Engineer: 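Below is a structure I'd like to ask you about.
All residue numbers in this chain count up from 1 along the given sequence. Because the structure is predicted, anything quoted here is derived from the model rather than measured.
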Amino acid sequence: MLRQILRDAADGVQSFLEQCYLRRVECAHGLPVGERQVRVVTVGSSDGSARRVVHRDVEYPPYGLIVELDGRLGHADALSRWRDMSRDNAAAISGKPTLRFGYQLVSRPCETTTQVVAALHHLGWTGSPRPCAPTCPLRPSGGEVLAPIRGQNPPRVSPAS
């Protein structure tokens with residue numbers, strides 16, 4: 001067990017939530033391997049003088065998807081939440097959506113997976129996730145989910161003619 005934890009740490013896992021995501025979402029469901037602790041330099045002012053280095057928890061570069069995992073440390077106060085929103089908005093403006101998860105992925109990793117799979121498919125991933133157990137809501141093939149998260153796929157509205 002210690003060897004596995006050390007391997008995870010060598011791959012960039014830095015927290016309990018990141019380990020849960022790696023093992024219970026990504027590996028357990030056969031998702032593409034994300035890059036961990038991706039270093040990004042952000043520019044906070046119009047003249048480019050306010051630069052800051054941030055690290056993204058997980059990024060799927062071929063698809064432009066970012067996954068952030070928020071525990072208590074560094075996410076409890078209003079300033080931290082504002083910083084995260086600002087960073088997510090900047091990523092979205094550059095064409096990289098961010099999915100943000102907390103402790104729900106510990107007890108409901110399959111629901112987390114349905115959202116990640118939906119985003120990856122929307123961004124071009126043609127793979128199929130695999131169910132992690134007989135009770136997993138993911139189908140064995142086809143990549144579709146049996147029980148999508150409520151509100152995950154809002155109905156499309158056709159423009160009036």
Side-chain angles (χ1 to χ4, degrees), residues 1-42 53-71 73-75 84-159:
M1 187 164 106
L2 182 57
R3 285 185 189 157
Q4 182 62 47
I5 290 170
L6 292 173
R7 274 194 296 270
D8 292 348
D11 289 338
V13 172
Q14 294 185 348
S15 73
F16 171 71
L17 282 180
E18 291 176 26
Q19 186 181 51
C20 286
Y21 181 83
L22 172 64
R23 291 185 184 180
R24 296 179 184 187
V25 174
E26 199 172 90
C27 294
H29 293 96
L31 301 186
V33 176
E35 292 183 16
R36 284 163 171 71
Q37 304 308 320
V38 176
R39 184 180 188 270
V40 178
V41 177
T42 63
V53 174
V54 297
H55 291 87
R56 295 177 174 154
D57 292 331
V58 182
E59 188 170 344
Y60 297 94
Y63 312 104
L65 179 64
I66 299 165
V67 174
E68 292 291 345
L69 305 163
D70 293 351
L73 185 62
H75 302 97
D84 288 347
M85 283 187 274
S86 180
R87 186 174 63 199
D88 293 350
N89 293 347
I93 290 166
S94 71
K96 292 183 173 186
T98 300
L99 297 180
R100 191 168 286 279
F101 300 104
Y103 285 96
Q104 77 271 22
L105 74 86
V106 175
S107 60
R108 302 178 123 181
C110 299
E111 287 184 16
T112 299
T113 304
T114 62
Q115 293 179 8
V116 175
V117 167
L120 286 170
H121 280 166
H122 179 74
L123 295 166
W125 183 53
T126 58
S128 297
R130 67 173 176 259
C132 64
T135 57
C136 182
L138 294 169
R139 290 186 186 174
S141 63
E144 298 297 320
V145 296
L146 291 174
I149 305 298
R150 187 179 336 199
Q152 177 180 329
N153 297 312
R156 294 184 182 209
V157 178
S158 303

Engineer: Donor-acceptor check, side chain of His29 to backbone of Val25, threshold 3.5 angstrom: yes or no?
Structural biologist: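 Here the side-chain-to-backbone pair exists.
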Engineer: So which atom in Leu123 and which in Gly64 form the shortest heavy-atom distance, rounded to 0.1 Å?
Structural biologist: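 Looks like CD1-C, 4.4 Å.
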Engineer: Leu105 and Cys20: which non-hydrogen atoms are nearest, and at how many Å?
Structural biologist: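 That closest heavy-atom pairing would be CD1-CB, 3.3 Å.
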Engineer: His121 side chain to Thr126 main-chain N or O, any donor-acceptor pair under 3.5 Å?
Structural biologist: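 The answer is no, because no donor-acceptor pair under 3.5 Å joins these two groups.
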Engineer: Leu17 and Leu69: which non-hydrogen atoms are nearest, and at how many Å?
Structural biologist: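 In terms of heavy atoms, the two residues are closest at O-CD1, 3.9 Å.
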Engineer: Rounded at 0.5 Å granularity, tell me how far CD in Glu18 sits from CZ in Arg36.
Structural biologist: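 One finds 8.0 Å between CD of Glu18 and CZ of Arg36.
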Engineer: With sequence neighbours excluded, tell me which residues meet side chain to side chain contact (heavy atoms under 4.5 Å, CB included) with Pro32.
Structural biologist: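 Pro32 satisfies side chain to side chain contact (heavy atoms under 4.5 Å, CB included) with Tyr60, Tyr63, Leu120, Trp125 once adjacent residues are dropped.
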Engineer: To the nearest 0.5 Å, how far apart are CZ in Arg56 and OG1 in Thr98?
Structural biologist: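 The distance works out to 6.5 Å.
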Engineer: Of all the heavy-atom pairs spanning Pro129 and Leu138, show the shortest one and how long it is.
Structural biologist: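 It is CB-CD1, 4.0 Å.
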Engineer: So do the side chains of Glu59 and Leu65 get within less than 4.5 Å of each other, counting heavy atoms only?
Structural biologist: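 A side-chain contact is absent here, since even the closest heavy-atom pair is not under 4.5 Å.
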Engineer: Answer whether the closest heavy-atom distance between the side chains of Arg24 and Val106 falls below 4.5 Å.
Structural biologist: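 In contact.
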Engineer: Of all the heavy-atom pairs spanning Leu99 and Gln115, show the shortest one and how long it is.
Structural biologist: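 Here Leu99 and Gln115 meet closest at CD1-O, 3.8 Å.
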Engineer: If I compare all heavy atoms of Val116 with all of Leu31, which pair ends up nearest, and what's the gap?
Structural biologist: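 Heavy atoms only, the tightest pair is CG1-CD1, 3.8 Å.
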Engineer: Taking Arg130 for the side chain and Ser128 for the main chain, is one N or O donor matched with an acceptor at less than 3.5 Å?
Structural biologist: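 Not confirmed, Arg130 side chain does not pair with Ser128 backbone.
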Engineer: Once side chain to side chain contact (heavy atoms under 4.5 Å, CB included) is applied, do any residues pair with Val33, and if so which ones, sequence neighbours excluded?
Structural biologist: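 Side chain to side chain contact (heavy atoms under 4.5 Å, CB included) list for Val33, sorted by chain: Glu26.
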Engineer: Apply side chain to side chain contact (heavy atoms under 4.5 Å, CB included) to residues Arg108 and Phe101 and explain how you reach the verdict.
Structural biologist: CA-CA 11 Å; Arg108 302 178 123 181; Phe101 300 104; over 6 Å; no
